[in-house]
Asks: 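Dumping the structure here so I can ask a few things about it.
In what follows, chains carry the letters A, B, and so on, assigned in the order in which the sequence lines appear, proteins first and then strands, with residues in each chain numbered from 1.
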Protein chains: 2
Amino acid sequence: MTEKHKRARIKDVAELAGVSNMTVSRVLNGVVKVSEEKRIAVLDAVEKLEYKPDSSARRLGGHKSYMIGLLYQDLDVSYVSRFLLNALKSSRDHGHHLIPEEINNDIDNSLQSVINLINITKIDGLILLPPISDNVEILNTLQQHQLPFVRITPDRYLDLSPYISIDDYKVGFTVTEHLIQLGHKKIAHIMGDTEQGTSHLRRKGYEDALNHYHVKVPANYVAQGNYTFDSGVNAAKAILTRDDKPSAIFASNDEMAAAVIVVANNLGIDIPNQLSVTGVDDTQLATTLSPNLTTIRQPIAEMAELAVKIIASNDLNKDSAKALEYRNILDFELIKRQSAISYKMNE
Amino acid sequence: MTEKHKRARIKDVAELAGVSNMTVSRVLNGVVKVSEEKRIAVLDAVEKLEYKPDSSARRLGGHKSYMIGLLYQDLDVSYVSRFLLNALKSSRDHGHHLIPEEINNDIDNSLQSVINLINITKIDGLILLPPISDNVEILNTLQQHQLPFVRITPDRYLDLSPYISIDDYKVGFTVTEHLIQLGHKKIAHIMGDTEQGTSHLRRKGYEDALNHYHVKVPANYVAQGNYTFDSGVNAAKAILTRDDKPSAIFASNDEMAAAVIVVANNLGIDIPNQLSVTGVDDTQLATTLSPNLTTIRQPIAEMAELAVKIIASNDLNKDSAKALEYRNILDFELIKRQSAISYKMNE
DNA sequence: CTGAAAGCGCTTACAG
DNA sequence: CTGAAAGCGCTTACAG
């Protein structure tokens, strides 16, 4: 077939399958029952013709909007912009449009824009990025409006809605295990914000890995941070000015790991030769500073794709009981770079 | 009016204005002449009813796609994600959809996706972010397909298309002038990639500001960088190990300014008390590291909005001669933070 | 379970 | 310069 084919229409599919347009529409939307025989004929025709429904026509003809809202807080977090981009792509693949909306400290105003999204734009559903995933005001509003939503790495209220997450306990365990396997014994931890469950899970993973491998660390080897660079500076100073300095530090995110690098530099501690450091998130910082950070990468593309798919599938509307089936714990990846290396005997 | 109004339709506007749907459509699309009298009646009705054409219906009925492509290279540059978000918002306001597409080193593949955007998605036009703005292969392809496009801060071929830019010469001048006004005399410069015109313009601005204020700096007070953090480290080392150390360094972007901070820390040079540093771009780094960077902020929101408006207006198709009227040089802003302060006599 | 008709809200193409 | 009709590609609502 060298001639250029125009995009197939529902009519072309119907003719090829020997059914009416309506039957094609019903098969594709999957709400009403269609005889198995015709179903298969339609699906075959769809595949043969590479048919994709025109989303403008769908929107115009029906009651669904084919729009998905995305609530985020801070775009400058690289996690957010990457999620956004992947969600944009997935939305396009599913014939939907994505509408990003920033939620900021002006909660009344933010709430209003969410309500507008629901009432005026008539979005079909929402995706919530952390820390919005745990924002009580937002969650209440969505429940009142009975709008389907998917939360990304929520900390709390896990029964409230479908969510997509990684296993933060395992993150802590994996990173710590990696350091142990590199030969480190004196492994300190900089913990994240105590308000977030994630912080505690990572810390627990850290502690359990130490126990599992029978590694004993000095008392008070965990410093408190809150995920900001500045908090990392203070935590790093506290740990690195101790007499029993660690040979490795597992920071609960990249910002705080970056702070460790800067503080160590100032103290004349060579990274990675005298001190290994690891972060979590694989942000831009991880590859900007030197040495590049060993860190954890979340499967952002996969998370975005799944979130869009859940909303686009419309299953949440068809059968609200299904909502709770959508609890997804995805795998993460340990990215080994230059900031963490084998322990060297210095004495 | 407490009752809820449904969104106005073209029919409502037509009735209120006492004309046919077609006349409304023509006024709004502005391609065909309509009598002044009716034009005004229509515009009044549009305003009164807050009418906004339904973009799905437009897409379905007509030949335009109301889609705009956005070509970018590296999403992790905060400039890019912010531009993306603002462009997304503006597109929505103009009833268009934005389709971001990454252009990477696999140029054949990237070119193919641009061609698909043109042939399959049938986008109405494109926005090019730097450094794609100067990518010869992309530019050639777009010209061959005769697709309208707007470039953001291009370096070269300024007659090729509409573009939106800031005055990089003035950036260099402004930053340098600021340092001079703070009392600095020994002001060094870390220049960006020599391949980019921007780097030379900023350097020229730096030199002219020095001349203008009769400030004489030591010879070879410009170090070469290429806009990466690592290049900044080398440049900073070269400058800060000289006998005639500067009291201020104007780095051509934030990454290199951040490198100056790190190097200075290592050398025991206190910033800002012993050394002032400035960057350009106002990236996330500018507010992550301490002290926060004095830097230049580009009017990204305004740029994005304008770019979308130019494509959405369709003027470029109506009258290609108009293309060259769209050369926009927008104002930037000097963001004063803690990394650059008044010169203190130390002796 | 299946289909023919009508309609969504615009624009195009045709007339005048 | 202006309008009535037809059509874009779907879905809804009605029938059977």
Side-chain angles (χ1 to χ4, degrees), chain A residues 5-43 45-46 49-67 94-97 122 124 312 314 317-318, chain B residues 5-43 45-46 49-67 94-97 122 124 312 314 317-318:
Chain A
H5 282 279
K6 282 206 166 185
R7 235 177 109 174
R9 314 274 97 140
I10 196 170
K11 174 172 167 298
D12 306 317
V13 177
E15 281 170 10
L16 185 59
V19 299
S20 72
N21 292 5
M22 269 318 299
T23 299
V24 175
S25 173
R26 283 196 264 254
V27 170
L28 261 27
N29 291 300
V31 189
V32 186
K33 295 240 157 152
V34 174
S35 74
E36 197 52 20
E37 187 190 8
K38 300 205 170 182
R39 249 181 62 79
I40 293 174
V42 167
L43 258 16
V46 165
L49 299 175
E50 296 182 347
Y51 172 66
K52 287 204 114 191
D54 179 300
S55 52
S56 294
R58 278 191 143 172
R59 225 183 314 267
L60 191 56
H63 291 157
K64 280 188 65 181
S65 72
Y66 297 89
M67 310 236 204
H94 286 274
H96 285 243
H97 287 304
K122 306 268 186 206
D124 296 334
N314 211 22
N317 277 324
K318 283 186 231 162
Chain B
H5 283 279
K6 283 208 166 182
R7 234 177 111 175
R9 314 274 97 140
I10 196 170
K11 174 173 167 299
D12 306 317
V13 177
E15 281 170 12
L16 184 59
V19 300
S20 71
N21 292 5
M22 268 319 298
T23 298
V24 175
S25 173
R26 282 197 265 255
V27 168
L28 260 28
N29 290 300
V31 189
V32 186
K33 296 242 156 151
V34 174
S35 73
E36 197 54 19
E37 188 189 8
K38 303 206 169 180
R39 250 181 63 80
I40 292 173
V42 167
L43 258 16
V46 165
L49 300 174
E50 295 182 349
Y51 172 65
K52 284 203 115 193
D54 180 298
S55 53
S56 294
R58 277 191 145 172
R59 226 183 316 267
L60 191 57
H63 291 158
K64 278 187 67 182
S65 72
Y66 297 90
M67 310 236 203
H94 286 275
H96 284 243
H97 287 304
K122 306 268 186 206
D124 296 334
N314 210 21
N317 278 323
K318 284 187 231 164

Asks: What nucleotide among C:dA13, C:dG9, C:dC10 has an atom nearest to a side-chain atom of B:R58?
Replies: C:dC10
Asks: In chain order, what residues pass the salt bridge (Lys or Arg N to Asp or Glu O under 4.0 Å) check against B:K11, with sequence neighbours excluded?
Replies: B:E15
Asks: Return the set of residues passing ring pair (Phe, Tyr, Trp, His ring centres under 6.0 Å) with B:H94 (not counting sequence neighbours), or none when no residue passes.
Replies: none
Asks: OP1 or OP2 of D:dG9 sitting under 4.0 Å from any side-chain N/O of A:Y66?
Replies: no
Asks: A:S55: which residues meet the side chain to side chain donor-acceptor pair (under 3.5 Å) condition with it, sequence neighbours left out?
Replies: none
Asks: Starting at atom CG of B:D124, determine the distance to atom P of C:dT11, rounded to an integer number of angstrom.
Replies: 13 Å
Asks: Listed by chain and number, what are the salt bridge (Lys or Arg N to Asp or Glu O under 4.0 Å) partners of A:E37, not counting sequence neighbours?
Replies: none
Asks: Would you mind classifying the nucleic acid contact of B:G62 as base, sugar-phosphate or nothing, using non-hydrogen atoms under 4.0 angstrom?
Replies: sugar-phosphate
Asks: Using whole Å, what does the distance between atom P of nucleotide D:dG9 and atom NZ of A:K52 come to?
Replies: 17 Å
Asks: Can you tell which of D:dC10, D:dC8, C:dT11 lies closest to the side chain of B:L60?
Replies: D:dC8
Asks: Output all residues satisfying side-chain contact (heavy atoms from CB on, under 4.5 Å) with B:R26, sequence neighbours left out; order by chain, then residue number.
Replies: B:M22, B:V32, B:V34
Asks: C:dG9 C1' sits how many Å from A:R59 CZ, rounded?
Replies: 13 Å
Asks: Tell me the interatomic distance from A:E37, atom CD, to C:dC1, atom P, rounded to whole angstroms.
Replies: 13 Å
Asks: Could you give the NE2-to-C1' distance, from B:H63 to D:dG9, as a whole number of Å?
Replies: 14 Å
Asks: Within this structure, what is the CZ-to-C1' distance between B:R7 and C:dC10, rounded to whole angstrom?
Replies: 12 Å
Asks: Salt bridge (Lys or Arg N to Asp or Glu O under 4.0 Å) with A:R39: which residues, sequence neighbours excluded?
Replies: A:E36
Asks: Within less than 4.0 Å of OP1 or OP2 of C:dC10, is there a side-chain N or O belonging to B:S25?
Replies: no
Asks: Working to the nearest 0.5 Å, report the span between CZ of A:R9 and CG of A:D54.
Replies: 6.0 Å
Asks: State which residues pass side-chain contact (heavy atoms from CB on, under 4.5 Å) with A:L28; sequence neighbours excluded, sorted by chain then number.
Replies: A:V24, A:L43, A:V46, A:Y51, A:P53, A:R58
Asks: To the nearest Å, give me how far apart NZ (A:K11) and P (D:dG7) are.
Replies: 12 Å
Asks: For DNA chain C, what is the dot-bracket line, given that a base pair needs Watson-Crick (N1 to N3, plus N6-O4 or O6-N4) or G-U wobble (N1-O2 and O6-N3) geometry with both distances under 3.5 Å, and | means paired with another strand?
Replies: |||.||||||||.|||
Asks: Within this structure, what is the NZ-CZ distance for the pair A:K52 and A:R7, rounded to the nearest 0.5 Å?
Replies: 8.0 Å
Asks: Atom pairs under 3.5 Å, N or O on each side, protein against nucleotides 2-5 of chain C: can you list them with distances?
Replies:
unit_1, atom_1, unit_2, atom_2, d
C:dT2, OP1, A:S35, OG, 2.7
C:dT2, OP2, A:S35, N, 2.8
C:dT2, O3', A:K38, NZ, 3.4
C:dG3, OP2, A:S20, N, 3.3
C:dG3, OP2, A:S20, OG, 3.0
C:dG3, OP2, A:T23, OG1, 2.5
C:dG3, N7, A:R26, NH2, 2.4
C:dG3, O6, A:R26, NH1, 3.4

Asks: Within this structure, what is the CG-to-C1' distance between A:D54 and D:dG7, rounded to whole angstrom?
Replies: 14 Å
